[in-house]
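First the structure, in the form of C-alpha cells, and then the observations on it.
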Amino acid sequence: MHNLTENQSRRSLNGIPAPMFIPDEHIPGILALLPVKSLLRFRCLSKSHDSLISSPTFVKLHLTRSARNMDLTLVSTSDDNVLSFTIFRLHQNPPIIFNLPEDPYYQLDDKHGLDIVGSCNGLLCLFGHSFTANFDIETWIRFWNPATRTISEKLGYTIHNNLHFHHNLTFCYVNSTDTYKVAYLVPNTNNVCVFSIGDNVWRNIQNSPLDHGYSLNVANLGKSINWLAIHDYRSHYDCNNITIQQFIIISLDLGTETHSQLLPPQGFMEVPIVAPYLSVLKDCLCFSHDYKQTHFVIWEMKEFGVGDSWIQLFKISYNNLQVYDHLNDSEFHLFPLFLSEKTGTLLLTNDLESRAILYNWRYNTVERVNKPWVVFMAARLKIVAAQFNVYQLLFRVWCELPVAAVCIGV
C-alpha cells in the first residue's frame, strides 16, 4: 500500500478527498471483471497493463469470471463471409432475444467460402477450401476472436480428398493439457485426424471402433467428443431394419486421444422412427429421441461414463410443443440447444421449420421465434450453438503459435 505524502494528507484535512490507491495484488481481480472492449483500452495505459492483460494467467482468470454469466449465442455465416450473431438471454425472465446489428467489424476478408466449425472460450474455428489448378481440394482452418479482431493465418493446409466435409470437424479446448484441438472423423472410414494449435499439423490418432458416416451428430463436452453409431449398418436410417442392441455411443477423449464406448439409457427400449440425437445440456451428455410419435424424450447422463447415471430429464408431448403434422415426415428432427433451469426454459430447433421453439416446462407454454439463422439446412449456411458472451469474449494471446502464424489485427 502506498503512503500518503504530507501534501496529500493536508488536502484531506482541508476537505479535499485524498487520492485512493489500489494494492497491486488486487488489480488483476478487478480487471478480470471488465468486458473485453474495456480491457483492450487498458492495454494502452502502460507496458505493465499490457503485459498483465496479455499474460496466460490473466486470460484464464478472465475466462473463469466471464463464464459465470454466459448467454447462448448463435452464429451464422453467409456467401459474403459476413457473420451475424443472435443473442439468447434465457436466464432472464422472460427470455430476451436480439440480433447484434450488422457491422463490417464482423466481415472476414477472404475470397473463399468459410464455414464455422465451432467455438471455444470466445474463439471461432473456421474452415475454408478451394480448388487447385489440378482440381484437387485444398483445405485449411483459421482461428478468429471477434472481440479483438485477431485472426490466425491459414493453418493445417492439406490437399486431401477426404478432408473436405466440414460437418465431421469438431473444435475443442482440452483443459487437462491446456490445448485447443480440431478433430476430424473421416467419412466412410474409422480414421481420426487431430490438429493441435501449436503443433499446426494434422496427426492420425487411434482409429474409432466403427466407421463414420457423413454429417455426424457430435456432442462436444470439451474433454471428449461423442457421437451415436449403429453397429453393422451403413444405409440411410430406417427404423424397420435396426434393433435397439445396435445403437452405441462412441466417445473420444481428446486428452488421451483414445476411444471408449457407452450404452444408451436403459429406458431407451424401442427404435424410434427418426434417428436419436446427442447434445450437451447443463454441461452433461444428453440423449434425445422420439417416443411412439407422441412424445419427445431427453435423457441426461449425470456422471459421464457411468451407464447407471442416465436419468430421464424430459418427456414432452408433441401437443405441448405444438408439433402436429411434422411427424408424417421421416426427416423431422428436434434438436435441443440450451436449457435454463433458472427460468425453466428449453430452446429447441428442427430441420423443417425456420423458427426456434422456446418451451417453458414449468408453465407448459411454448413460443415460436422467427429468426433467419434457424434455416440452417439452406445452402451455404452453417449454424453453430456456442455458449459465450459476445461482450465478454476471451482475449486470448497466441503465445503458443509461431509469430508467422498470427495476424495481430487489434
Would you be so kind as to tabulate the donor-acceptor pairs closer than 3.5 Å made by side chains of residues 266-279, with sequence neighbours excluded?
unit_1 : atom_1 : unit_2 : atom_2 : d
Glu270 : OE1    : Lys292 : NZ     : 2.9

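Asn226 and Ser224 are linked by a side-chain donor-acceptor pair at a separation below 3.5 angstrom, with hydrogens and angles left out of the test. Of the N and O atoms on the side chains of Tyr184 and Asn191, not one donor lies less than 3.5 Å from an acceptor on the other residue.
Under a 4.0 Å N-O distance rule, the pair Asp211/Arg234 qualifies as a salt bridge.
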Which is it for Phe143 and Phe171 under the ring-ring contact (aromatic ring centres under 6.0 Å, His included) test, yes or no, and what are the steps along the way?
CA-CA 10 Å; Phe143 301 95; Phe171 179 43; 5.4 Å; yes
Between Trp299 and Phe287, is a ring-ring contact (aromatic ring centres under 6.0 Å, His included) present by the stated rule, with each step listed?
CA-CA 5 Å; Trp299 300 83; Phe287 179 94; 8.0 Å; no
### Query
What's the verdict on side chain to side chain donor-acceptor pair (under 3.5 Å) for Ser55 and Thr57, showing C-alpha distance, side-chain angles and the deciding distance?
CA-CA 5 Å; Ser55 69; Thr57 301; 5.1 Å; no
- Query: Hey, mind stepping through Ser288 and Phe314 against side chain to side chain contact (heavy atoms under 4.5 Å, CB included) and telling me if it holds?
  - Reply: CA-CA 9 Å; Ser288 57; Phe314 296 107; over 6 Å; no
| message | Would Thr343 and Ser340 count as a side chain to side chain donor-acceptor pair (under 3.5 Å) here? Give the steps. | response | CA-CA 6 Å; Thr343 59; Ser340 170; 3.1 Å; yes
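For Arg362, the salt bridge (charged side-chain N to carboxylate O under 4.0 Å, His left out) test picks out no residue, with sequence neighbours left out. For the ring pair (Phe, Tyr, Trp, His ring centres under 6.0 Å) test, no residue two or more places apart in sequence or in another chain qualifies with Trp310. With sequence neighbours excluded, the residues that form a side-chain contact (heavy atoms from CB on, under 4.5 Å) with Gln261 are Pro209, His231, Ile248, Ile250. Remark: Asp238 engages no residue in a salt bridge (charged side-chain N to carboxylate O under 4.0 Å, His left out) (not counting sequence neighbours). Residues passing the side chain to side chain donor-acceptor pair (under 3.5 Å) test with Ser317, sequence neighbours excluded: none.
By the 6.0 Å and 45° rule, Lys315 stacks over the aromatic ring of Tyr291.
Between Phe335 and His333, the ring planes are parallel. Angles under 30° get that label, and only those over 60° would be called perpendicular. Using bins of under 30°, 30° to 60° and over 60° for the plane-to-plane angle, the ring pair Trp227/His212 lands in the perpendicular bin.
Residues Ile357 and Asn350 are in side-chain contact: their nearest non-hydrogen atoms beyond the backbone lie under 4.5 Å apart. Side-chain contact between Leu285 and Leu262 is present, with at least one heavy-atom pair separated by less than 4.5 Å.
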